[in-house]
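Inspection log for the structure reproduced underneath, given as structure tokens.
Just so it is clear: chains get the letters A, B, ... in the order the sequence lines come, proteins before strands, and each one is counted from 1. Please read all numbers here as calculations on a predicted model, not as lab measurements.
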Number of protein chains: 2
Amino acid sequence: MKRLDVALGERSYPIFIGRNLLAQAELWVSEIAGKQAAVVTNETIAPLYLAQIRQQLEQKEVCETILPDGEQYKTLETLNQIFTDLLEANHNRKTTLIALGGGVVGDMCGFAAASYQRGVDFIQIPTTLLSMVDSSVGGKTGVNHPLGKNMIGAFHQPQCVLADLSLLDTLPEREYAAGVAEVIKYGLICDAPFFDWLEANAEKLMARDGEVLAEAVYRSCQNKAEVVAEDELESGRRAILNLGHTFGHAIETAEGYGSWLHGEAVATGMVLALQLSCRLGWIDASLVERATSLLSSCNLPVEPPKNMNVEQFLLLMGRDKKVIDGRLRLVLLRGLGEAVVTSDAPEQDVVAVLRTAGVAP
Amino acid sequence: MKRLDVALGERSYPIFIGRNLLAQAELWVSEIAGKQAAVVTNETIAPLYLAQIRQQLEQKEVCETILPDGEQYKTLETLNQIFTDLLEANHNRKTTLIALGGGVVGDMCGFAAASYQRGVDFIQIPTTLLSMVDSSVGGKTGVNHPLGKNMIGAFHQPQCVLADLSLLDTLPEREYAAGVAEVIKYGLICDAPFFDWLEANAEKLMARDGEVLAEAVYRSCQNKAEVVAEDELESGRRAILNLGHTFGHAIETAEGYGSWLHGEAVATGMVLALQLSCRLGWIDASLVERATSLLSSCNLPVEPPKNMNVEQFLLLMGRDKKVIDGRLRLVLLRGLGEAVVTSDAPEQDVVAVLRTAGVAP
């Protein structure tokens, strides 16, 4: 087992990475301070792993919430179900929420923990590759609004994260690939040697080879933890983690949450961001080619959906959180492993890149 | 004008107390960091003061949300209206929310500010005495759940609070009295000389005498600010501010939010808490008599509603946030100005006090 510490002062916490961690109560049940614990999961994950969790928690007063599965349920209304269950079970301010699921469950359970009685503890047990390498590190929690993704939420750090790689054994192929998109992102934004390593190990990674997978998760979490530790509340550098996300959010919003997976939208968004970086003369066309080819070989989409037009892209990108005082802020590359946050990209170049990628005017 | 600073490290902020402050843009408009501002108010306050606010904000890009008036609308659903308006107006993370209203508007606007894009600035302009002396100091924000009051929320400090006493000119008598209940509370829990002063000035205070009112607001905010500064996240001493609130919450929940005003429920709750303190031998009957008589002379209810029974009280008190690991924690007095948080009150004494106060078995 590997252990990684996210350094955030008094909000610091460990991430445990390895196989069969769920069974090791000393790792995570020990983090529950009170007598009460509430498991939040979804209808897909519950039949697979809820029994194991229950077994570990038999000394606790446990309440369970099983949410419907899917990004389209990441709403205030679904969130309220968690509050109702907690209140019906008389859970107090010393309760600990346990997020057992992917990013949607983690984001909702985390926001529920941030807001229930103005804040209680929570533990993350991610069940997807995406949530292991992305949403379980950094404390971002929240729900969607019909007018924008992740528009309602809080920064709330967990007590610990249990990245139990055994849980990925049941993950469908398409979701696994979506997680790989974020893994590749870390190489692109801040870790060139990791990008090279991923090119060399792409086949093994897609075959879920134990050692390669553990290393990919560890290195991804390490990169993210370093960036987050520098800038917990995203006032500056942390925004580089959003490479591909402004384009990606536009795709997710236009297509309706759940039709494109988050990682898929980010993959295509990263290709567009690299194409724009290249058009501005900041990176070579060969790097765009390498990244596109790596993403493609990992079964990820690299072209925007056919039914969107340029106007729609610009409108939805303008509503993204990365916009400050009306100027479109984007994460672009100055080289491999060198992401920058910039408001310097002229709109006409954004349009040109979208048009070249086949987006209708 | 008086100025009071709430000392909370980098989250410190000033409270301005005086008449005609709304017109002084240098006090509060200067606190708006970006180009956007969003006013959240309700349908009762909007016709009275919204035009004045608009005038001061003419240099800003302003969005307005007018909520229905009443505690029964302090819900996640109403909160969502604020998010919808912000998103439709394309407000970004640099926007500043302005709460123009009483405690309900302040709590909802504050929670919206805590949660919109994971946190934006906000300014409080309380329009009731209760919100000036209580909910605008201390950073507690949130909404109610059908199963409990203030169960969903966040700690989020404003940039500044503008306690413009002119705004109280239009406040109905019953709501004014409800605010006086919290003023009296500060005397009881931590400021004996203030309690004596209130007894001497009760008539002038109820007549809204300018100087007496300014002093009462200043002294209340000062007391609250001191308690909050010691314990921002309510892990200990801050709980003394809840004198009368556990009994009071039970009354508000049983009667339905909005039927008893918060301050009214707290007034009766304080009488019950003092009766219990007396029964435990901690304070003299004469203090219970003095407090009851002062509250009564300020037109506040001092007896629990006739339609509640003991079982209902205990059940609803048990669901209050002040309960830790199943033991009922109450704020009681050890003397005038000496509140303590205790789990020592036997349930049989709570029952006896309720029965003596006329509550059915």
Atom group of B:T84 that falls short of 4.5 Å from chain A, counting heavy atoms: both
If you count heavy atoms of other groups shown closer than 6.0 angstrom to [atom1] of [X], is the number above 12?
X: A:E230; atom1: CD; result: yes
X: A:Y13; atom1: OH; result: yes
X: B:Y73; atom1: OH; result: no

If you round to the nearest 0.5 Å, how far is [atom2] of [Y] from [atom1] of [X]?
X: A:L315; Y: B:N90; atom1: CG; atom2: CG; answer: 7.0 Å
X: B:H91; Y: A:M151; atom1: NE2; atom2: CE; answer: 13.0 Å
X: A:L87; Y: B:I152; atom1: CG; atom2: CD1; answer: 7.5 Å
X: A:L76; Y: B:F83; atom1: CG; atom2: CZ; answer: 6.5 Å

Minimum heavy-atom separation for B:H145 to A:N80, with atom names? CD2-OD1, 3.3 Å
For the residue pair B:T141 and A:R118, what are the closest heavy atoms and their distance? O-NE, 3.1 Å
